[in-house]
Structure formats: C-alpha cells, structure tokens
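Below you'll find the structure, written out as structure tokens, and then a few comments.
Every number for a ligand or one of its atoms is a count from 1 in the order of the listing. All values reported here derive from a predicted model rather than from experimental measurement.
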Amino acid sequence: MTGITYEDFLDLSYEPDVEDLVCEFYVEPAADMDLAAAGSRVASESSNGTWAELQVEGSITDLSATTFELGDDGRIRVAYPAELFEFGNMPQILSCIAGNIMGMKAVERIRLLDCEWPEALATSFPGPQFGTSVREEIFDAGDRPITATVPKPKVGLSTDQHVQVGYDAWTGGVDLLKDDENLTDQSFNRFEDRLVGSLEARDRAEEETGEKKSYLINVTAETEDMLRRTDRVAEQGGEYVMVDVVTVGWAGVQTLRERAEEHGLAIHAHRAMHAAFDRIDTHGVSMRVLAQIARLCGVDQIHTGTADLGKLENEDTVGINEWLYGDCHGLTDVLPTASGGLHPGLLPELVDRLGTNICVQIGGGVHGHPDGTHAGAKALRQAVDAAVEGADPETYADDHPELRAALDQWGTETPR
Ligand code: CAP
Ligand code: MG
C-alpha cells in the first residue's frame, strides 16, 4: 500500500506521455497558498486524489494526473493518463478536467484555457461529418462565405410569418434560414409546421434563384424529442439540424451526432450560455476548449464570434478558428460562424479579419434594413460579393441600391 497526498500530484520533472491529455489552466491560488500547492490540488482533485492522505494499491496511482509545469503568469500544465478516461464519453472527461476543481477553496480563480488532445482519446470521438466542405458540397459557394439569417424578432412570429421571412431572405440571396437559439416548438410557431412550411418555401426559392438553399432548424429539446425532430427533418428533405450545444449538454450532442449521421444531416452548433463559462477570463472554461469539445463531438458549424466587430464579447475568434481548421488527428474541420450585431457595412472588415471560409449570420442587419427583409438580404449578398472581389463597398453601392441603403443606415459602425 502507498500513502498518497496532494504533493504526489506535483512533479516538475515529469515528461507527459504521448497518450496523456495535457490541459493548460490559469490559476490564482488562495491567499495562503502558492502556485505549486494549488497546482498539486488541481491535479489531485481532477483525477483520483482528495484532501486526506489515502492508503492505496500502487497501481491506482497510474490514474493520477500530474502538474508538471508552473508558469510565472499563473498558468500551469497538467498531464492526465489515458486510463483515467472513458474513451468516447465527453461528460466523464469534463467531470475530470472541469469538475470539482472549479469550486475548490484552494484557488481564488481557475480557468481551463486549452487542451492538447492525444490521438487515441481524440479519435475515440467521431468528429464532424462535413465541416467546411458544406460550403462546396451543399452551396457551391466557391470562394465566398456562406450566409445565414435569423428571422427577427427572434421569437413571436407565426409560422406563416417565419416562412415568408425565409422566402424573402432566400430569394434576396441568403443561403441559410436559421432559427434563433430560443425558438423550438412554442405554440405560436410549432416545430412541425415550421419545418414543412419553411422547406416548401426553400424549394420555391431554389426554383426561383437557381441556387441551393437550406434551413438551420433548431431541434434543441429533451433528447428523445430532439431525435424525433431530427428524424422529421430527414423525412422532410432537410440538410441540417441546429442545436444549442451548451444547454443541451455534450451527452445530448453525442446522441444527436449519431442520429444525424444515420440521416446524413449536418449539425449547426449554437453556443447559447457559453458566456456563463468563458466570459470572465480568469475563471471557467474558455471558448477555445468548448470549440474543441464541439469538434470532437462532431458539429459541422459553430459560432465563434466576430473578431470583436459585433455586439457580443468575443474570445480570440481568429485563434479558435485556426484550431477548428487545423489538423486534429485527422478529424474533419469545422466551419466557424460569425454572428451577433453584424450588418453589411461590417463585411469588408470581417472578411479581412476572418477570411472567407466562414458562415456569416446576420439577423437584425437584414430584417432591420429600411426596405425590409428582401432588400436586407440583397444588401448582405452584395456586401459579400464586394468583399470577395475586394471592391470598396461605397463605390460598389453606387450600382447596388440595397447596399447603399444599408450603408446609409448603419455605416460601418459596431452596434451596442
Ligand atoms: C444574432 C443572434 C445570435 C448571436 C449568438 C442573437 O442576432 O441571433 O444568437 O449571434 O451569439 O440572438 O443575438 P443579430 P454568438 O444578427 O440580430 O445580432 O454568435 O456570439 O454565439
Ligand atoms: Mg440568436
């Protein structure tokens, strides 16, 4: 038997094994503690230790995590042995690396900043089915961003009104109609009617424009309901489902991913509630880690912010997008979605900062257009085309009245 204490979880000479999951944390130790002491407690409480000395069989320490790096800036790195985890079970992994440690008195603040996912653990998850290839495979968009719009007001429209807004936006040049994160199956706009009505309007819009159109319908609900709704989307000829990944929870996302693959449906991830985890940059779980988890669990598109151009606080949109595009042991990439307070006047700067391999969602900036949704959609498409051509939007607007009206109304200002 071996006695293990907090101190056994700190080893600055430890070299992580290739199969270890390495996590980087920012830690503010409690007043009466230094970073080493706090670091040992982070590794212990997030693997298999506790506050009291335990007498254990030697092999049990094989499951113990190790804090092996202490940075001057409060950053620490912790290595977790693969055996600690149930492969393919994201809730179990998070209960380790983002569980009780978030509430320990030994730290004033603790934030899970980043994870280095080892191959065996990462590939125990399916990853996305399509990722950025949706731009080509579904929309034939060439080198332009795909566009989406959420009918506004976000909830309260009847199904008929919702469908009409979709038709007007699609025929104005938008690729995707998108439900808002809090629109599901409320009495004023039932899921089933909205699904059938919107896809019928999509077909008419495709007919009229000759372009491929699609619909991000929100299936967020209790898991069985969510699966039933997903089946209905497939039966009705949809290509996508949308889900609020944080509020549904990663178990729900994993279950949805399996069903989506059975139907060949792409998954659009909304991140409502993410800011409860990532807004305070000294505590919680970073959006970078949430995006990593979403990729492993298999979403094809996810909101990652507007590189600070829009109405919402963003955490490192460019860095997160790079990770979503980058290699992760062969897992498919993810298409980042820029959304939140955008309007046509912000497109040139947005494309400058984020490139064109993105989805751009604009709600208020389309439906708030002085001439309504159809004109707003045309202005968005014109702004995208101008940005891709590298044309000056003001000059481009001379021949495009819808864009002209949008620029006159909103200029290039960030709304607040
Ligand atoms: C945007 C939006 C999106 C946010 C989500 C909204 O509407 O529909 O939910 O962009 O934030 O409800 O605010 P507008 P994020 O286009 O009218 O602003 O993309 O940062 O996750
Ligand atoms: Mg929304």
Side-chain angles (χ1 to χ4, degrees), residues 145-157 162 165-166 169 172 174-184 186 189 194 215-220 242-248 253 267-279 281 284-291 293-294 299-321 324 334-347 350 353-354 358-370 372-373 376-377 379-381 383-384 406 409-410 413-416:
I146 58 173
T147 59
T149 189
V150 174
K152 300 286 178 177
K154 43 203 304 169
V155 291
L157 296 179
H162 181 101
V165 166
V174 168
D175 302 301
L176 282 159
L177 178 65
K178 175 187 172 301
D179 284 353
D180 229 316
E181 70 277 0
N182 55 353
L183 178 63
T184 54
Q186 291 102 317
N189 194 347
R194 188 167 76 250
Y215 179 28
L216 304 175
I217 186 163
N218 191 359
V219 296
T220 299
M242 164 182 152
V243 62
D244 301 341
V245 288
V246 177
T247 60
V248 151
V253 175
I267 300 173
H268 177 87
H270 194 287
R271 57 179 182 167
M273 199 175 163
H274 75 96
F277 289 93
D278 62 31
R279 175 79 188 259
D281 63 8
V285 178
S286 69
M287 181 59 210
R288 182 180 179 82
V289 171
L290 295 177
I293 294 166
V299 308
D300 296 286
Q301 304 180 178
I302 189 167
H303 292 235
T304 61
T306 61
D308 282 332
L309 277 171
K311 68 181 184 185
L312 298 159
E313 284 297 332
N314 291 159
E315 169 205 317
D316 187 22
T317 302
V318 172
I320 294 171
N321 290 6
L324 293 174
V334 178
L335 184 70
T337 297
S339 170
L342 294 174
H343 57 78
L346 291 172
L347 255 289
L350 185 78
R353 295 185 189 187
L354 300 180
I358 57 173
C359 173
V360 178
Q361 189 296 124
I362 297 190
V366 162
H367 310 294
H369 188 281
T373 293
L380 167 54
R381 185 60 180 266
V384 165
Q409 172 143 307
W410 293 306
E413 296 306 307
T414 292
R416 291 181 55 86

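Counting all heavy atoms, side chain and backbone alike, Leu346 lies closest to Pro415 at CD1-CD, 4.3 Å. The shortest non-hydrogen separation linking Trp410 to His369 is CH2-N, 3.5 Å. Looking at every heavy atom in both residues, Ala307 comes nearest to Leu354 through CB-CD2, 3.9 Å. Nearest heavy-atom pair across Ala406 and Ala379 is CB-CB, 4.1 Å. Closest heavy-atom contact between Cys359 and Leu335: CB-CD2, 3.9 Å.
Looking only at distances, no side-chain donor or acceptor of Asp244 sits under 3.5 Å from a matching main-chain atom of Thr247. Judged by distance alone, with hydrogens and angles left aside, the side-chain atoms of Thr147 form no donor-acceptor pair with the main-chain N or O of Val360 at under 3.5 Å. At least one donor-acceptor pair closer than 3.5 Å links the side chain of Thr317 to the backbone N or O of Thr304.
Polar contact check, Gln361 against ligand 1: a nitrogen or oxygen pair lies under 3.5 Å apart. Taking any N or O of Gly364, backbone or side chain, at least one lies under 3.5 Å from an N or O belonging to ligand 1. Looking at Ile362 next to ligand 1, no N or O pair under 3.5 Å apart turns up. Considering both main-chain and side-chain atoms, Val150 never comes within under 3.5 Å of ligand 1 through any nitrogen or oxygen pair. Residue contacts with ligand 1: Gly340 is placed with a nitrogen or oxygen under 3.5 Å of a nitrogen or oxygen of the ligand (distance criterion only).
Of the charged side-chain nitrogens involved, at least one lies within less than 4.0 Å of a carboxylate oxygen, so that Lys154 and Glu181 count as a salt-bridged pair. For the pair Lys152 and Asp180, the salt-bridge criterion is met [side-chain N within less than 4.0 Å of a carboxylate O].
Using cut-offs of 30° and 60° for the angle between ring planes, the His270 and His303 rings count as tilted.
Looking only at N/O/S atoms, Asp180 comes nearest to the Mg ion (ligand 2) through OD1. The atom of Glu181 that is an N, O or S and sits closest to the Mg ion (ligand 2) is OE1.
The shortest contact between atom 4 (C) of ligand 1 and any protein heavy atom is with Ser339 OG, 3.7 Å. Of the protein's non-hydrogen atoms, His270 NE2, 3.5 Å is the one closest to atom 5 (C) of ligand 1. Shortest contact from atom 8 (O) of ligand 1 to any protein heavy atom: Lys152 NZ, 2.9 Å. Ranking the protein heavy atoms by distance from atom 13 (O) of ligand 1 puts Lys311 NZ, 2.7 Å first. Here the heavy atom of the protein found nearest to atom 12 (O) of ligand 1 is Lys154 NZ, 2.7 Å. Of all protein heavy atoms, the one lying nearest to atom 20 (O) of ligand 1 is Arg271 NH2, 2.7 Å. Among protein heavy atoms, atom 11 (O) of ligand 1 sits closest to Leu312 CD1, 3.1 Å. Nearest to atom 19 (O) of ligand 1 among the protein's heavy atoms is His303 ND1, 2.8 Å.
Residue Asp180 places a heavy atom less than 4.0 Å from ligand 1. Not a single heavy atom of Gly305 sits less than 4.0 Å from an atom of ligand 1.
Heavy atoms of Thr337 found under 4.0 angstrom from ligand 1: none, in either backbone or side chain.
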